[in-house]
Structure formats: C-alpha cells, structure tokens
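Residues: numbered from 1 along the sequence shown.
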Amino acid sequence: MQNLLIKNAQLETGFDEQDGVILKTNTEKKDILVRQGVIIEINDSIEVPEDIAILEANGQLLMPSLREMHIHIDKTYFSGPWKACKPITNGIFTRIEEEQKLLPKQLAVAEKRAERVVQHLLAQGHTHIRSHCNIDPSIGLKNLEVTVKVLERYKSQLTYEIVAFPQHGLLRSNVEGLMREAMQSGATLVGGVDPATVDRDIDRSLETMVDIAVQAGAGMDLHLHDPDSLGAFTFDKLATLTKQANLEGKVTISHALALGDLSGNDLQETIELLQSAQIDITSTIPINRPTVPIFTLDKAGIPVSVGHDSLTDHWSPFGTGNTIEKLSILAERFKLIDEKSLSQVWKFASGGITPLNNSGEQVWPKIGDKADMLIVDASCSAEAVARRKSISHTIHQGKKIETNIDAVQV
C-alpha cells in the first residue's frame, strides 16, 4: 500500500438527460488523496502533503480497476514464437491428448511466459487475477508451483486466486489425490470440467469436486461447455450439491454455454436454480455460438464476470488481455449503442463497480473505498468501452504499478 495524490482526474458525476433521453455523461475534474491504500479525500484541489507520491492524470478519466476472472497463465504461448492451433478432430479430447505431451515440454518456459501474462494484464488495468492451473498426471503439481511462484512475486501489485483445474477430467485422469494435495499447496479454488462429457459420471464427478472443496474450506469454479439440456441438467445437480454443502455464494460456472441455448421456461427455471444456490457466471463472450444471456442473468441478480481464457495457447490463437476491448465486444454482441448502456457494462469486469449506478447517481469513488483504480484516456466510460480507449496507469491499493510491458511480445 502507498500514499498517493492523484491530480486532475475526471470523475463521472451523473447523466445529462433531456426529455427522457440521456445525451451524455457529466464529469468533474478532481484531486483524490489516498493513504494506506484507501481514499481519504476527494476535492477540487488538494495541497500536496509532504512525502507523498503524485500522479498527474492530466484530465483523463478515473475508473475502477479490472478483474481478470478466467485465465490460464500456466500453459500459454504468450511472449513465445507464433504457433497456430492444431485442428480439432475429437472435440475436447484432441486438446487433452495434446497436453499430455505438450505441458512437460513447456515447463522450461512456463514461468517466464506466465510472468509475461501477468505483466501484460497489469498494464491492461487488472488488479485481480483468477488463474486456472492444470492438475493432471502429465504435469502433477509442477504447473501449480510455477503459478504460485509467479503470482506471489506480484502480490504487492494485485490480488489473485488459483483454481486447481483437472483439465483431463477429475475422474478420467484419476487425480482426486493430486487435487487434494493442490488445495494444500497454494490453490484457492477447486475446479472441474464437463462432468458428463469428460468424466462420464455427472453425480460422482460433482460429488467428488464438492467433497474436495468442503475439506479444503474453499469455493469452486466449474468449466461447463456441455450444451442444451445436458448443461441444464448439470446446473441442476451442481446447484443441489452447492446448497447441501452450504457453499452458496462460493461457486462459479465458467463458460456455462448451455445458458445460450435455453429459452422460455427452461431458461427461467435454470436461472432460479442459480439464484437459489447463489452461483455466479464467468463468460469469454464467445462470438462463434449463442452467447450467455448476460443481461437476463444480471437483471435476475446473478453476478456475471468476463475473462479471456487465454492469450494464445494450444486451445486458441486469439486473446488480447485487453478487457476494455472485451467489454466493447460484449456491447456489440448485445447491440448496446446508447450512453447509459455502454457505461453500465463496466461492472462485468470490475466486480460490479461502476462510477454511476443505473439511476445515474455517483456511487464511486467514495471516501473509504479501496484505491484499486485505473486511468483511461477517455471522456467517459461509455466512450472508453465503445472506442476501446487505452489505459494510461494502473493503481493497486494506492500504488501506481510500474510494468515492463515493452519487453512483451504479444
């Protein structure tokens, strides 16, 4: 944590509305004083205290920092030579078979590449990272060791979570013992993947996952790609087990692709299940298939977060780490073009925080808020999202983050 004075930052203060139409976002230039990582004063002009760092915002916009809620820093091509993906011939099992040989070979460069991803995400305004980490027979806990080492190195610049992720199947690859060990070796969440398709036993796979989580006193993050009614059936099973284990509010479903396939009563019933178990959703905003109905979920009070999944690896050659770009894709996907709608999508990347609430009232920043912020070269959040504006500075707990991103090959 650090004491910091931010000078001349634009803060959103409300919407300019005429005849029921929001024309623009109003802003005011302010100074913000941070002590011990917390905002203690916001004023038109604050005299510079002695022995305090100063950050000149030059009239740029101050926004809540970003949270990368789904990434795999342990198995990336990022910062390495270009390599496109091999064609998929057997669904997810094509990649699983590939990993059995690839991950041990990548171990020599895994730490360097993981660190480059973290540096890049910091430069892109992220102060929290949730990274999934392979736990499988081909790599054991070696990727976990790398992931913990790298994220611990940056703990003064970000907060993090590590998901112990049985990519090759919790049951299929017989890694229950390794998963339990991982939860004692730095992992903070229990992962899982497609219990029907990969493990071929929905009940036992989910029950084992929940048991590991309960034993470790941890939450869960399940990768669920299974579509339509199969996915909905898995939602039902997971929600029931979540409530039985008193894990409400501690479970995430990543991808949750079936939500993009469901409609009408089927969708409503599934949403009610998610509500009852307080399960949240993370999405990469896919453009090659129906997208999770983010705004229907949001209206129902189900938290939704965005993530990149990868910044180029053997699964996908895409991914930029630019979450403002991701929010812009979300806005385009759902045809959001007005000032208010564009401004509100920021919450899907910030843990629910936006400068203005849905009524246009200023709710951030306030005295007492944690100083996790970024400065973006935009006049307002709507412009930042729509025009994919660049980030000038990332601030974590009142500390301006210095990144060595120039050395990174994207």
For A239, is there any backbone N or O sitting under 3.5 Å from a side-chain donor or acceptor partner on Q244? no
Taking only Lys NZ, Arg NE, NH1 and NH2, and the carboxylate oxygens of Asp or Glu, determine whether K24 and E339 approach each other closer than 4.0 Å. no
Backbone of H314 reached by a side-chain donor or acceptor of K83 within 3.5 Å: no
Does a salt bridge link K30 with E12, judged by any charged N lying under 4.0 Å from a carboxylate O? no
Whether W346 side chain and L66 backbone form a donor-acceptor pair below 3.5 Å: no
Under 3.5 Å, is there a donor-acceptor pair between the side chain of H70 and the main chain of S310? no
Can any side-chain N or O of S316 pair as donor or acceptor with the backbone N or O of F318 at less than 3.5 Å? yes
What do you reckon, is NZ of K237 surrounded by more than 12 foreign heavy atoms closer than 6.0 Å? no
Looking just at side-chain N and O atoms, do H223 and S254 make a donor-acceptor pair shorter than 3.5 Å? no
Do T94 side-chain atoms and T89 backbone N/O form a donor-acceptor pair below 3.5 Å? yes
Quick test of your reading of the model: are K149 and E145 salt-bridged, counting only N-O distances below 4.0 Å? no
One thing to verify: whether E115 and K112 come together as a salt bridge, which I'm taking to mean a side-chain N less than 4.0 angstrom from a carboxylate O. no
In plain terms, say whether K7 and E56 are close enough for a salt bridge, that is, a side-chain N and a carboxylate O under 4.0 Å apart. no
Side-chain (D136) to main-chain (S138) donor-acceptor, under 3.5 angstrom: yes
Any side-chain to backbone donor/acceptor pair from D338 onto I22? Under 3.5 Å, distance only. no
Do E402 and K400 sit within salt-bridge range, that is, some charged N less than 4.0 Å from a carboxylate O? yes
Pair T208-D211, side-chain donor/acceptor within less than 3.5 Å: no
Strictly distance-based, threshold 3.5 Å: is any side-chain N or O of T354 a donor or acceptor partner for the main-chain N or O of K347? no
Under 3.5 Å donor-acceptor, D199 side chain and L171 backbone: yes
